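Notes follow the structure.
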Amino acid sequence: MQAPKALRHWLFKSEPSVYGWQHFEAERRTFWTGVRNYQARNLLRDEVKIGDGVLFYHSNANPTAIVGLARVIAGGSPDPTQFDRKSPYYDEGSSATEPRWYGVEIEAIAPIAPPLTRDALKLAGALAGMMLLQRGSRLSVQPVTAAHWTWICRLAGVADRF
DNA sequence: GCCAACGTTGGC
DNA sequence: GCCAACGTTGGC
């Protein structure tokens with residue numbers, strides 16, 4: 001019998017002008033749609049599992065920051081927006097039998113207030129290796145190591161629930 | 001708004 | 001399979 005995989009940790013980027021933490025918190029849960037990058041798709045489809053922790057990050061924002069914690073409540077399934085002709089995420093090259101794009105469902109756990117700004121993250125030497133902080137890093141779904149996760153929870157003053 | 005870095009596309 | 005052109009991301 002196979003041991004269950006340890007819970008893992010992720011960082012999801014979102015532009016607050018498109019879908020911000022306030023919106024997410026009001027809905028409490030959401031299906032994460034619109035990821036159109038194969039590397040991120042592979043993570044959503046194959047690696048992001050129920051119970052995993054998610055850092056919700058505001059990109060293209062002022063300030064850019066980690067603004068909340070979330071939890072994965074359903075693993076990868078096809079992103080319905082790829083089939084919706086009216087959606088900006090519509091992909092005519094995708095089909096129901098061979099969907100190209102995936103998403104997961106997440107639930108809001110706790111806000112991080114005040115937000116943990118990118119500047120604050122950069123000041124924490126222990127976080128220097130975070131993928132988020134690497135030059136040119138733009139993957140919108142990123143793995144976060146357990147050590148980085150723990151540091152971030154401490155910096156944010158939130159309980160490490162994962 | 002600028003632009004560096006990255007991903008994708010398509011000609012060859 | 002190479003690589004130039006183009007489009008996108010996202011920090012600043």
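Everything quoted here is computed from the prediction, not taken from an experiment. Below, chains carry the letters A, B, ... as their sequence lines are ordered, and counting in each starts from 1.
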Item checked: B/S/- contact track for nucleotides 5-12 of chain C, protein heavy atom under 4.0 Å -> --BBBBBS

Note to self: Would you say that A:Ile73 contacts A:Arg29 through its side chain, given a criterion of any heavy-atom pair below 4.5 Å between the two side chains?
What the structure shows: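 They are in contact (side-chain heavy atoms under 4.5 Å apart), so the answer is yes.
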
Check: Between A:Tyr57 and A:Trp21, does the ring centre distance come in under 6.0 Å?
Finding: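 No - the distance between ring centres of A:Tyr57 and A:Trp21 does not fall below the 6.0 Å cut-off.
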
Notebook entry, point to check: For the rings on A:Phe162 and A:Trp10, is their centre-to-centre separation under 6.0 Å?
Noted result: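 A:Phe162 vs A:Trp10: aromatic centres not under 6.0 Å.
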
Next item on the list: Indicate yes or no: does A:Asp79 engage A:Arg36 in a salt bridge with an N to O separation below 4.0 Å.
Entry: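 Yes, charged N to carboxylate O under 4.0 Å.
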
Next item on the list: Give me the ring orientation class for A:Tyr38 and A:Trp101: parallel if the planes are under 30° apart, tilted from 30 to 60°, perpendicular past 60°.
Entry: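 Ring orientation of A:Tyr38 relative to A:Trp101: tilted.
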
